[in-house]
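Quick notes on the structure that follows.
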Amino acid sequence: MKRALVFIVALAMMTASMTAFAAKSDLADNLGDFSSYGTGNIEPYEEPIEMSVGFGINLSKTFPEGDSYENNVWSRAYADELGINLKLAFTTADSADKVNTLIASGDIPDMLDVTQAQLKMLSNSGLIRDDLYEVYQANAGSGMREIIEGVGEDAVLAQCMFDGKMMAIPRVNTSPGEEAPVLWLRTDWMEKLGLEDPQNWDDLYNIIKAFVEQDPDGNGQNDTIGLTFTKNLWDSGFEMDGLFNIFGSFPKANFWVEDPENPDQVIYGAFADETKTALETVSQMYAEGLIDKEFAVNDSSAANQHIASGKCGVVIGAVWISNSSLFTSVDNDPNADWKALPLPGLDSATTKVGGNYPVMGYFVFNKDFEHPEALIKMVNLQFEKCFSEDSTQEIYDTYIEDASGNSGFAAFQIYPWGHFLPAVKNEMAADEIVNLGLSSEECDVWARPFARHVEAYEAGDTSAWRWYRFFGPDGGHLVTGQYIRDDLYNMNHYYGPSTDTMAENMALIDDLVNEMFVKIIMGEEPVDSFDNYKAQAEALGLNDMAAEANAWLAEAKASEAA
């Protein structure tokens, strides 16, 4: 990552008796130092203000008796401690149509959660404030900056800039690691066949081959498969793009890579030369029976069934599949076990993997609303209450989630699940639990629920396996943490809005890419047909898209420099 710093290994751990914060993961150091910004602005308003907010809500959300979306632990904290009274502008789960209607009417609430396409539409409407850069710089604290500028680098703020003016506050997830491709291997099969962790592509190829040909399930039948994918080639549970990353190819939909002839510009990853080279190898693997013959018609249920039935022992998928796919094989077979590893390179134990900046949405403000800093104050308050070194278990249990799973609720999706939580939170939790060896009482309060799962599994509760492989030894978040430390994320080099030509024809190009992959991999067309598909994409405006993307990037960099 651009802001990556040299990782310094902790020399010693202070005793846990001093405080619960005695030893901490230093993973966030790789994002940059934002400590000078401190808490940020959490000053209460002299006279309370009211802010109407528009965002999709979970209609099945349950609250303690007497509480609601407009009256809960967080809304009361905002009112009592900041003088901000929140009012819901609408109450629908799917807000897309509602937001479009509001934009069309020209009547939007004080704050509105929008998509990138809606932000682009609003940028020329005159409906929203365009001075949010100054607001952000004057008010944002270290926690908010660490996730927006640390995880998001320069790209996330650039997405909010139009004609040099910042028109939104980005809503950002904790890490690029949640969707990054991780290698998952069945360790019981590896032990049975005498296989070691792969140190390069040839090693991984031989593991896949052994899992297909050497009867790892021991039933005397030739019924195991190699890699499995789905008809959605970029399914985050079964990531074909991860296989291609091994070869230096990044073909995922809407993914742009650095132009090798001009590093300041981008080209479309699916039609880079490395993709053609990778297609040749992957098509050979398919011909050898090392890739599921039915991948092109599989849905995720079919792919999951291969795992649940014990017929698949290698998966390239996101960190969270231990909790969605892999645990089924462990539930069905007490001997089954999996481990997470970084994807290997052609000649190395690791390689660059594709990553997208984890922006989940954008908060915009009515041009007539006088206090856009209110949102930043609320975010700052949340960090100070729940994620600072002054936080306690009691505070965390009240405002976030206690050990029994009861949770508070922050309005407009600050919490739960990812928006404005501590940067690289999950990676740091795995680091504290495994690499620093902290117990659930010694970890940061936000890491304690994960540590308790790890401890439960180690104490014999096999139902906690799914969490153990999230945060424990050989777990997925140790791998995504390694990706951060070793600068292994190749981030999407175009992070701007959909251009005019993209809006018109990108879906057609994506369909073309899917057709090309399926037909070449399955041997229905030769690898050289790649050139014909590329020509078809160019006829659909691929070169125009690249020119528009490069023009936007040049403008974004100029605005950043100014």
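Keep in mind that the numbers below use all heavy atoms, side chains included, and drop hydrogens, waters and symmetry copies. Not measured: the values here are computed from a predicted model.
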Ion pair check, Lys385 and Glu81, cut-off under 4.0 Å: yes
Asn380 versus Glu384, side-chain donor and acceptor atoms under 3.5 Å: no
message: Regarding Lys367 and Asp131, does a basic nitrogen lie under 4.0 Å from an acidic carboxylate oxygen?
response: no
field: Carboxylate-amine/guanidinium contact Arg485 Asp26, below 4.0 Å
entry: yes
task: Using distance alone, with no hydrogens and no angle criterion, decide if Gln482 and Thr350 have a side-chain donor and acceptor under 3.5 Å apart.
output: no
message: Just by distance, no angles: are the side chains of Asp33 and Ser35 close enough, under 3.5 Å, to form a donor-acceptor pair?
response: yes
- prompt: Salt bridge between Asp110 and Arg129, side-chain N to carboxylate O under 4.0 Å?
  reply: no
- prompt: Considering residues at least two apart in sequence or located in another chain, which fulfil the side chain to side chain contact (heavy atoms under 4.5 Å, CB included) criterion with Asp511?
  reply: none
field: Residues Asn426 and Glu178: side-chain donor-acceptor under 3.5 angstrom
entry: yes
message: With no hydrogens and no angle check, just 3.5 Å: does a side-chain donor-acceptor pair link Glu548 and Thr501?
response: yes
query: Is Arg171 positioned over the aromatic face of Phe55, cation under 6.0 angstrom from the ring centre and no more than 45 degrees off axis?
result: no
query: In terms of side-chain heavy atoms, does Glu373 have a donor or acceptor partner in Tyr45 at a distance below 3.5 Å?
result: yes
- prompt: Do the ring planes of Phe369 and His371 sit parallel (below 30°), tilted (30 to 60°) or perpendicular (above 60°)?
  reply: perpendicular
- prompt: Would Asp431 and Asn435 count as having a side-chain donor-acceptor pair, cut-off 3.5 Å?
  reply: yes
Presence of salt bridge, Lys252 and Asp510, under 4.0 angstrom: no
